[in-house]
Amino acid sequence: MGANLKEHQQQAPGPATAPVAVQKAAANYKGFVAGVFSGIAKLSVGHPFDTIKVRLQTTDATRFSGPLQCVTQTIRNEGILGLYKGASPPLVGWMFMDSVMLGSLTVYRRLLRDNLFNPPWHPLHDPAKPLPSHGHGLAGILAGMTVSFIAAPVEHVKARLQIQYAARKEERMYKGPIDCLKKVYTHHGIRGVYHGLGATILFRSFFFFWWGTYDVFSRWMKQYTQMSTPAINFWAGGLSAQVFWLTSYPSDVVKQRFMTDNLGGGLGDGVRRFPRWRDAAVAVYKENGAKGYWRGFLPCFLRAFPANAMALLVFEGVMRSLPG
């Protein structure tokens, strides 16, 4: 992945090189293991920004006039730990999700390169030819769809915990992530746990822009700058994440509104407003016009660079350090 993976892909095999199947298995395992460390780095840096983003996305201007007021009110009423509300599910979730997302991304990149863009049986096959940038984008879409089946329930629980504004635990509907998951499953089954899966897959289809531009930035920096490989990983990771959020943010707003909607029934949280995610999209526009799709964008955009730059720096560093 990134500058260092392309270097590894282009090295000519020596006489002591392991069989191709063994090399592929090693590359796959490295991606999944390194993804765990990426998830830890991403959450540590980015969760406070995410809490503010979700709170702005799921309320109107009568509660918070903007991100600064949201931050100050949250800290004043709930303390600094209020910014880390709902951090438990994504701590475990991001470790698992980044492992699956980045691990599957490396697998899809190899499969696309070897079977679509540069198959060995093609007369113009070049073993040193890297996957093109749009191939990285397609691999991103496939990885996004794969990880959505893990991300949907994690983000569903996280979002419900993040919009609990009571400072005292006994006044909250959910005591924590396990309690939230248990109550949702008890009253709505597995379908309730996966509430918002379709919207999650739609949102993650924009991974095309993230991983496509990550490759573009990595190549450009490697060719035109004297930066070290870790520095390229950091800057390309941060910039490509910002491109991703610029293209995907409206779909994330709709996803959050749909996920945090009342589920109704025996859960006792009220009447459901949005039977489908499209209904949530229409409601956002009716309430605030086109600008409603960008509410909470600033903390998200500010978070995107440091959280993902650090995540990609850690991921690529672990990839380089792992044997195989």
Side-chain angles (χ1 to χ4, degrees), residues 39 42-43 46-60 63-64 67 70-71 74 78 81-94 96-97 144 147-166 169 172-185 187-188 190-204 206 245 248-264 267-270 272-277 279-281 283-284 287 292-297 299-300 303-304 307:
K42 186 181 295 183
L43 180 113
H47 192 77
F49 292 93
D50 188 65
T51 296
I52 300 305
K53 173 183 73 78
V54 170
R55 290 190 168 192
L56 289 173
Q57 286 177 332
T58 55
T59 60
D60 55 32
R63 186 171 190 109
F64 304 118
C70 186
V71 171
T74 298
E78 305 164 54
L81 292 180
L83 296 173
Y84 280 90
K85 267 188 178 176
S88 298
L91 175 59
V92 177
W94 273 119
F96 193 32
M97 286 192 296
V147 78
S148 289
F149 290 90
I150 300 168
V154 171
E155 293 184 349
H156 182 199
V157 171
K158 173 180 70 69
R160 290 195 176 275
L161 293 175
Q162 285 176 316
I163 61 168
Q164 295 191 123
Y165 297 100
K169 285 189 176 182
R172 302 172 192 167
M173 183 171 186
Y174 306 113
K175 298 180 178 67
I178 302 300
D179 182 57
C180 178
L181 186 63
K182 181 180 177 181
K183 287 180 177 177
V184 170
Y185 179 78
H187 296 287
H188 295 280
I190 195 68
R191 186 172 182 177
V193 173
Y194 273 88
H195 180 68
L197 174 62
T200 303
I201 293 175
L202 173 65
F203 166 66
R204 279 176 167 74
F206 288 90
W245 281 107
S248 68
Y249 192 79
S251 68
D252 186 54
V253 171
V254 174
K255 174 175 71 74
Q256 296 291 356
R257 288 293 297 272
F258 184 67
M259 279 187 167
T260 57
D261 185 29
N262 298 327
L263 291 176
L267 191 59
D269 61 345
R272 181 177 294 190
R273 292 182 58 198
F274 312 126
R276 301 166 301 175
W277 67 263
D279 299 315
V284 170
E287 291 171 9
Y293 295 113
W294 297 94
R295 180 166 169 80
F297 177 71
C300 172
R303 165 190 177 272

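Electrostatic pairing of E155 and R204 counts as a salt bridge here, judged by a charged N lying under 4.0 Å from a carboxylate O. In this structure, K182 does not pair ionically with D179, as no charged nitrogen and carboxylate oxygen lie closer than 4.0 Å.
A distance of 10.5 Å separates CH2 in W294 from CG in D252, rounded to the nearest 0.5 Å. With rounding to the nearest 0.5 Å, the separation of OG1 in T58 from CZ in R160 is 11.0 Å. Rounding to the nearest 0.5 Å gives a distance of 12.5 Å between CD1 of I201 and OG of S251.
Proximity of L161 to Y174: side-chain heavy atoms (C-beta onward) are separated by under 4.5 Å at one or more points. Side-chain atoms of Y165 and R172, non-hydrogen and from C-beta on, never get closer than 4.5 Å to each other. Residues H156 and V193 form no side-chain contact, since every pair of their non-hydrogen atoms from C-beta on lies 4.5 Å or further apart. In this structure, the side chains of K158 and H47 come closer than 4.5 Å at one or more pairs of heavy atoms. Contact annotation: the side chain of K255 approaches that of M259 to within less than 4.5 Å [non-hydrogen atoms, C-beta and beyond]. Considering only heavy atoms from C-beta on, F64 comes within 4.5 Å of R295 through its side chain.
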Carefully, step by step, assess Y293 and Q57 under the rule side chain to side chain donor-acceptor pair (under 3.5 Å). CA-CA 8 Å; Y293 295 113; Q57 286 177 332; over 6 Å; no
Which is it for K183 and L263 under the side chain to side chain contact (heavy atoms under 4.5 Å, CB included) test, yes or no, and what are the steps along the way? CA-CA 11 Å; K183 287 180 177 177; L263 291 176; over 6 Å; no
Working for side chain to side chain contact (heavy atoms under 4.5 Å, CB included), residues E78 and Q164: CA-CA 11 Å; E78 305 164 54; Q164 295 191 123; over 6 Å; no
Might you work through the side chain to side chain donor-acceptor pair (under 3.5 Å) test for Q162 and T51, ending with a clear yes or no? CA-CA 6 Å; Q162 285 176 316; T51 296; 3.3 Å; yes
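When all heavy atoms of K53 and C300 are compared, the closest pair comes out as CD-CB, 3.3 Å. The minimum heavy-atom distance linking I52 with C70 is given by the pair CD1-SG, 3.7 Å. Between L56 and P299, the shortest heavy-atom contact is CD1-CG, 4.0 Å. Looking at every heavy atom in both residues, L197 comes nearest to F149 through CD2-CE2, 3.8 Å. In terms of heavy atoms, S148 sits closest to T200 at OG-O, 3.7 Å.
Under the side-chain contact (heavy atoms from CB on, under 4.5 Å) criterion, R273 pairs with R257, D261, A283, E287, not counting sequence neighbours.
Annotation: F258 is not in aromatic contact with F274 [ring centroid separation under 6.0 Å not met].
Using cut-offs of 30° and 60° on the angle between ring planes, the pair F203 and W245 is tilted.
Under a 3.5 Å cut-off, the side chain of Y249 and the backbone N or O of F297 do form a donor-acceptor pair.
Under a cut-off of 6.0 angstrom, the local environment of CZ in F96 is sparse, with at most 12 non-hydrogen atoms contributed by other residues, nucleotides or ligands.
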